[in-house]
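These notes are about the structure you will find just below.
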Amino acid sequence: MACVDVADMVGAKQMSLTKTGFTDNRSDLTLIQNQAAQLQFKGSLIDFLLIFLGVVLNVSVYADIFVALSGFIFFFWGFTILMLLRWTGYWEQRIFFRMFLFGYLAMGISGFYDYVLGSRDLSELDSAGFYEASLGMYRNYSIMDLLTMHEGGMAIKIWQMVYDGFGAFGVPKERYIGILVNVLTVTFSAVFAIRTAKLIYGNDNARLRRLFLMISLCGLFWLFAGFHLRDALVLFFVTAMVGVWIWFSRRPALGLRAFVIAVVSFGSPWLMQSLRAEFFFLPLALAAAGVTAVLFGNKSVVRRVWRQLFAITLVPLVIGIAIVTFSQLSTLLREAAAHYLNLAGGLQASENPGWRLTYQSAWYIQVIVRPAVMFVFPLPVWWGMQLDSAYAFFKGLTTPFFFFLIPLGFVAVHLLLVESVLRTPQQLFLLFTSVGMILVIAFTSGETRHLGAFLMPIFLLLLLPDLNNYKSKLFIVTGK
């Protein structure tokens, strides 16, 4: 596969970043590709252990052997699609197996909390409402009609079709059928992220292995896969849109590429709104980030005349997005403040110094504090390790996971600031998207789960530092 960005730099010459001590030890991109071609996926002991644990736990929790058969059916469907798309590379197959098995196990864990421990998730989360809505009460309504009656109309329709499909063969419409849809959706989101990483970094096994670990160990993805929630579908479409923009930014041109990007940018707002109303602006925001990255990336192939033309169209695009979203985002900000006031204990929360710092301080302080709270919440970490909520359990696993990634994020941003050679359209797009979405989520819902839908572009950005180099590792630890 031809690739650009970091991989192009390696192919052209050995990259040397003398100011920060970062170097790329790979002197020949062909050698990397040959090494990747020699890799052949084989199931590991961890995979077989996950299969055993997942099957035993799910069959025990649901007291139904068909939960194991259903898992195999969904796995077979997904793997068949993978083969038809010819996404048969080592890392694509490995992430597919691992994420499906982790998701299947997460389904068993959430079921154990619900049916054995009497979790409060069924009464407090939206999963029970989505399950009931998917069983057929909205069958005669269109997706547009559903938007006025229930959040996530697109997700409800997809679950409904799957339930009806299984029901046609006499299979009971149990909750795990809909959850398996989410397991498969999260799995393909991970595969799409691997494909996108190859567009940026080539067949760099060290970086692909890092992405594999970040995706497979992320507690939020386990949460998305293990619950009957719409977040799995939101994650998939966000990851797909990011991948399309990375594909376009490699060779921006009129014709098929411009047509595809126009359809994604102007046809997807309705799709995102049908999943989560407040995300209707997302495709246009990604368009603004993508066009800006193409214009100002240091490896942009856009000629000067096209730069000027794009710049003329960019300004009204950004202004249009601001006009369209300002009113709704302002409403969301007010609703989020009221929501967190209630969670903190009502008006008495205003006496809490931490609450005042987060929600009542000057805006330039909130810009720093609110995103930080999202990444380190819950504190203390063991707050989530409770026996009454699988939701809290998975979020509790996410906090220490972020502790390890935050330093890597600072290093990636530092590299882009000090080394102009790295400011390619792909990296700038990932930077704009990551920072923009972190701030939007922080100032609207402030919910870590909502941030999970945008973790794939963040993970792709975190692949930038070369961890094979001793100096880069030292910089992450010491900042020097």
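The first residue in the sequence is number 1, and the count goes up from there.
Classified by interplanar angle (parallel below 30°, tilted 30° to 60°, perpendicular above 60°), the ring pair Phe102/Trp222 is parallel. Phe75 and Phe96 have tilted rings, their planes meeting at an angle from 30° to 60° on a 0 to 90° scale. Ring geometry, Phe248 versus Trp245: the interplanar angle exceeds 60°, so the pair is classed perpendicular (tilted spans 30 to 60°).
A donor-acceptor pair under 3.5 Å is absent between the side-chain atoms of Arg230 and the main chain of Ala155, judged by distance alone. The backbone N or O of Leu462 sits nowhere less than 3.5 Å from a side-chain atom of Arg207 that would complete a donor-acceptor pair. Although no hydrogens or angles enter the test, the distance criterion places a donor-acceptor pair under 3.5 Å between the side chain of Gln426 and the main chain of Ser249.
Between Phe188 and Met99, every side-chain heavy-atom pair lies at or beyond the 4.5 Å cut-off. The shortest side-chain heavy-atom distance between Met107 and Asn182 does not fall under the 4.5 Å cut-off. You'll find the side chain of Thr88 stays beyond 4.5 Å of the side chain of Leu82, heavy atoms only. Side-chain contact between Leu282 and Met272 is present, with at least one heavy-atom pair separated by less than 4.5 Å. Counting heavy atoms from C-beta on, the side chains of Phe394 and Phe224 never come closer than 4.5 Å. Side-chain atoms of Tyr176 and Ser70, non-hydrogen and from C-beta on, do get closer than 4.5 Å to each other. Under the 4.5 Å side-chain criterion, counting only non-hydrogen atoms from C-beta, Thr187 is not in contact with Arg98. Trp87 places none of its side-chain heavy atoms less than 4.5 Å from the side chain of Ile81.
Partners of Arg210 according to the salt bridge (charged side-chain N to carboxylate O under 4.0 Å, His left out) rule, which considers only residues two or more places apart in sequence or in another chain, do not exist here.
Here the shortest heavy-atom pairing between Val234 and Ala453 reads CG1-CB, 3.7 Å. Across all their heavy atoms, Gly71 and Tyr104 have their closest contact at CA-CE1, 4.0 Å. Smallest separation of non-hydrogen atoms from Ala293 and Leu428: CB-CB, 3.9 Å. Between Leu235 and Gly452, the shortest heavy-atom contact is CD1-O, 3.6 Å. Residues Ser265 and Pro283 come closest through the heavy atom pair O-CB, 3.5 Å. Contact record, Ala190 with Ile215: CB-CG2, 3.7 Å, taken as the closest heavy-atom pair.
Taking CZ from Phe79 and CZ from Phe76, the interatomic distance works out to 10.0 Å, rounded to the nearest 0.5 Å. We find the CD1-CZ distance between Ile95 and Arg209 to be 12.5 Å, quoted to the nearest 0.5 Å. Taking CE from Met214 and CZ from Phe221, the interatomic distance works out to 9.5 Å, rounded to the nearest 0.5 Å. One finds the CG atom of Leu460 at 10.0 Å from the CG atom of Leu199 (value rounded to the nearest 0.5 Å).
Results of the side chain to side chain contact (heavy atoms under 4.5 Å, CB included) test with Leu430 over Thr424, Leu461, Leu416, Ile458 single out Leu461 as the only residue that passes.
Within the 6.0 Å centre-distance limit, the rings of Phe454 and Phe279 are counted as a close aromatic pair. Between Tyr113 and Tyr391, a ring centre-to-centre spacing not shorter than 6.0 Å is recorded. Ring centroids of Tyr131 and His228 are separated by less than 6.0 Å, placing the two rings close together.
More than 12 heavy-atom neighbours from other residues, nucleotides or ligands sit within 6.0 angstrom of CZ on Phe401. For Leu439, the CG atom is densely surrounded, since the number of other residues' heavy atoms within 6.0 Å is greater than 12.
Side-chain contact annotation: Ser44 with Asp47, donor-acceptor N/O pair under 3.5 Å present.
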Point to revise | Asn203 and Trp91: CA distance, side-chain angles, deciding distance, side-chain hydrogen bond (donor to acceptor under 3.5 Å, both in side chains) verdict | key: CA-CA 9 Å; Asn203 290 309; Trp91 290 108; over 6 Å; no
Practice item. Evaluate salt bridge (Lys or Arg N to Asp or Glu O under 4.0 Å) for Arg276 paired with Asp231, printing each intermediate quantity in order. Key: CA-CA 9 Å; Arg276 187 178 293 280; Asp231 299 270; 3.1 Å; yes
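With Phe212 as the aromatic partner, Arg94 meets the cation-pi criteria of under 6.0 angstrom to the ring centre and within 45 degrees of the ring axis.
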